[in-house]
**Student:** 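Quick one: structure below, then a few questions.
All values derive from a computational prediction rather than experimental measurement. Numbers here are sequence positions counted from 1.
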Amino acid sequence: MTAPQTSREGTRALDAPPTPVSGARANMALLVVLFSSFMDLLDATIVTVAAPAIARDMGAGDAQIQWTIAAYALALGAGLITGGRLGDQFGRKRLFMTGLVGFMVTSALCALAVTPGMLIGTRAAQGLTAGIMVPQVFGVIRASFAPAERAKAFGAYGAVQGLASVAGPLLGGLLVEADLFDLGWRTIFWINVPISILALVVGARVMPESRSASTARLDLVGALLAASGILLLLLPIIQTETWGWTASGYALLAAGIILLTIFLAYERGLAGRGGEPVFDPALLRIRAFAIGLSASVLFFGGIGSFFLTLSVYLQLGTGRTAWETGLVILPYALGSIITSGLGVALAAKAGRALLITGSLTIAASQLVLLAVIRDGGDPGFRLLALGLFIGGLGLGLAAPVLVNVVLAGVPGRNAGAAGGVLSTVNQIGGSIGIAVLGTLFFAAVTGTGSTTDAPGRADYGHALGIVLVVTTVLYLVAGLVMLALPKAAAEHVDPARQDPNETT
């Protein structure tokens, strides 16, 4: 047992490290965090299928639908590292339960939203609470299981990720079509409430507490500067349909760039003073990490936008219901499940080759889909399923090992911080993709960016075709960038932060 340590200010002693629990209690603790992770992953995908229904019910414009999805990912990314630090300092169980309560409340507020603006705001709040909850998952698992048993627990976490990718489109479509209690799309948020209550009751009894022996101050200024700068960059891009490219739009872009420059300068100064910044610019001097960030933005930038535009095409362009849309997307999830186990098994020997193969396979799938929608008609389930299944195979090869391949080139002392930054960049990359490609899609649907004329099937097919061409280029470039990554993956690194002093 490690002796209690004091903070840098010497104000209070920290708890002694807990002994991992075992048996049924550890398994119940695992179930709690897995259910909560499932909800987070579900909410990142389920809204894409429900998006057309939300737009019809609330009279939301194209930009507002983009914000409904991007706001969650952006807020989640902004909260991940700060949430991890809060858990390190105040206890991971405490922060997990706090985040879970917040996630439950904000989910209910999303379901109660009466305007598109209110829904966007509550989605952002929901993402922030997920950013508090999610980083604690790995710490709770480490505190609940002895080292020899953790591999199985992390394996279960990976399985839940795969299950969520399958369940998101299907459950979203089912709930929208079922229209339980005349609630329509709102049930995709209401379903989080009873699950959260059950997780809170069980978690309070079985989850162990753990924290870090280091109590560095939170870099709230850095977190706010980064989030504000990225928001200013995305705002004029997503609002192009409504605002057009005016002087104010360019001014916002410039302000975002200036704010991010200030952010880097502030972080560099904080690191020089011995603090712990949200993002240490010194990490960019590690070649593998800097290249990995670029590859990650390219890779994840295409995924969220692809599913948003595909869902709109399938429902508004081909007349499918939300449930039928979920069934069409299902082969993508099944393909990723088939290859994800292979990817994890071979990562230690051929991590880079898996990444490149996966990225090129996704590019090939986009070309297959482009070929089947070119004539403007409804391609039918089989042809769509073929292209989507191929894409899923590529995603399963690359996505599960990307973080660890990138971190293989990072010194061990920086691995935890780098993992947190990389996980955050993944979310931000997804938000940027939704902003840029979503705007491109909706502008192409109408031709002029206005919604006065009702677009037809050919318009949606043409717009999706443009997105497919762009994402094909994205994944080809990502594959080229990945050539410069380390050949093999590092051992599992907790992206919520690894701390050599943590009390687990």
Side-chain angles (χ1 to χ4, degrees), residues 35 38-73 75 102-127 129-130 163-198 238 304-305 307-330 333 434 438 441-442 445 451 454-455 457 460:
F35 267 114
F38 181 83
M39 286 192 297
D40 162 59
L41 294 164
L42 200 66
D43 271 66
T45 58
I46 197 171
V47 177
T48 58
V49 173
I54 294 172
R56 287 193 301 269
D57 183 52
M58 304 189 80
D62 299 335
Q64 291 168 320
I65 290 300
Q66 288 174 264
W67 275 117
T68 300
I69 299 171
Y72 180 88
F103 191 83
M104 176 181 68
V105 172
T106 53
S107 294
L109 291 175
C110 288
L112 294 169
V114 293
T115 65
M118 181 178 175
L119 180 59
I120 292 167
T122 52
R123 279 285 284 173
Q126 188 188 35
T129 60
L163 180 61
S165 69
V166 174
L170 288 178
L171 186 58
L174 177 62
L175 290 174
V176 171
E177 290 302 308
D179 195 19
L180 299 174
F181 309 108
D182 292 326
L183 292 173
W185 59 267
R186 299 176 189 274
T187 52
I188 69 174
F189 298 114
W190 280 123
I191 195 173
N192 292 335
V193 176
I195 296 175
S196 297
I197 292 173
L198 179 61
I238 293 182
S305 56
F307 281 110
L308 169 62
T309 55
L310 177 66
S311 179
V312 173
Y313 163 76
L314 290 173
Q315 293 183 60
L316 302 186
T318 70
R320 285 177 170 81
T321 65
W323 170 246
E324 290 169 336
T325 296
L327 289 176
V328 171
I329 296 174
L330 178 60
I434 290 169
F441 173 84
F442 287 116
V445 165
T451 55
R457 175 179 296 173
Y460 285 103

**Student:** Is it true that a side-chain atom of Gln126 and a backbone atom of Cys110 form a donor plus acceptor pair closer than 3.5 Å?
**Tutor:**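 Here the side-chain-to-backbone pair does not exist.
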**Student:** Could you work out, with side-chain hydrogen bond (donor to acceptor under 3.5 Å, both in side chains) as the rule, every residue matching Thr115, not counting sequence neighbours?
**Tutor:** none
**Student:** Kindly indicate whether the side chain of Leu316, heavy atoms from C-beta on, has any atom under 4.5 Å from the side chain of Arg56.
**Tutor:**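 Counting from C-beta outward, Leu316 and Arg56 do come under 4.5 Å.
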**Student:** Could you state the interatomic distance from CD1 (Ile65) to CE (Met58), rounded to the nearest 0.5 Å?
**Tutor:** 9.0 Å
**Student:** With rounding to the nearest 0.5 Å, note down the distance linking CG in Leu330 to CG in Leu170.
**Tutor:**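 One finds 5.0 Å between CG of Leu330 and CG of Leu170.
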**Student:** Under the side-chain hydrogen bond (donor to acceptor under 3.5 Å, both in side chains) rule, collect the residues that match up with Gln315, sequence neighbours excluded.
**Tutor:**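 Ser311.
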**Student:** For Phe35, enumerate each residue passing the ring pair (Phe, Tyr, Trp, His ring centres under 6.0 Å) test, keeping only those at least two apart in sequence or located in another chain.
**Tutor:** none
**Student:** Show every salt bridge (charged side-chain N to carboxylate O under 4.0 Å, His left out) that has at least one partner inside residues 113-126, sequence neighbours left out.
**Tutor:** Asp43-Arg123
**Student:** Can you sort out the partners of Thr187 under side-chain contact (heavy atoms from CB on, under 4.5 Å), two or more places apart, ordered by chain and number?
**Tutor:**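 Per chain and number, Thr187 pairs via side-chain contact (heavy atoms from CB on, under 4.5 Å) with Leu175, Leu180, Leu183.
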**Student:** For residues Leu171 and Leu42, determine if any side-chain heavy atom of one lies less than 4.5 Å from a side-chain heavy atom of the other.
**Tutor:** yes
**Student:** Measure the spacing between CZ of Phe442 and OH of Tyr460 and express it to the nearest 0.5 Å.
**Tutor:** 8.0 Å
**Student:** For a quick test of reading the model, state the closest non-hydrogen atom pair linking Ala130 to Tyr72 and the distance between them.
**Tutor:** CB-OH, 3.7 Å
**Student:** Is Phe307 close to Ile329 at the side-chain level, that is, under 4.5 Å between some pair of heavy atoms?
**Tutor:** yes
**Student:** What closest approach, in Å, do Val49 and Ala322 show between heavy atoms, and which atom pair accounts for it?
**Tutor:**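 Closest approach of Val49 to Ala322, heavy atoms only: CG1-O, 3.5 Å.
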**Student:** What residue among Thr122, Leu112, Ile46, Val47 forms side-chain contact (heavy atoms from CB on, under 4.5 Å) with Phe189?
**Tutor:**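 Exactly one pass, corresponding to Val47.
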**Student:** Output every pair passing side-chain hydrogen bond (donor to acceptor under 3.5 Å, both in side chains) with a member in residues 167-185, not counting sequence neighbours, ordered by first then second residue.
**Tutor:** Asp57-Trp185
**Student:** First locate atom OG1 of Thr48, then atom CG of Leu310, and finally report the distance between them rounded to the nearest 0.5 Å.
**Tutor:**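 Atom-to-atom, Thr48:OG1 and Leu310:CG are 8.5 Å apart.
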**Student:** What closest approach, in Å, do Met118 and Ala113 show between heavy atoms, and which atom pair accounts for it?
**Tutor:** SD-CA, 3.6 Å
**Student:** With sequence neighbours left out, write down each residue that passes side-chain contact (heavy atoms from CB on, under 4.5 Å) with Ala108, or none if nothing qualifies.
**Tutor:** Trp190, Val193
**Student:** Could I get the full list of side-chain contact (heavy atoms from CB on, under 4.5 Å) partners for Thr309, not counting sequence neighbours?
**Tutor:** Phe441, Leu464, Val467
**Student:** Measure across Ala53 and Val176 and return the closest heavy-atom pair with its distance rounded to 0.1 Å.
**Tutor:**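 Taking every non-hydrogen atom into account, CB-CG1, 3.9 Å.
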**Student:** For the residue pair Glu324 and Leu314, establish whether any side-chain heavy-atom pair is separated by less than 4.5 Å.
**Tutor:**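 Not touching, per the 4.5 Å side-chain cut-off.
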**Student:** CZ of Arg320 to OH of Tyr313: how many Å apart, nearest 0.5 Å?
**Tutor:** 7.0 Å
**Student:** So, taking the atom named CG in Asn192 and the one named CE in Met104, what distance separates them when rounded to the nearest 0.5 Å?
**Tutor:**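 Separation between the atoms: 10.5 Å.
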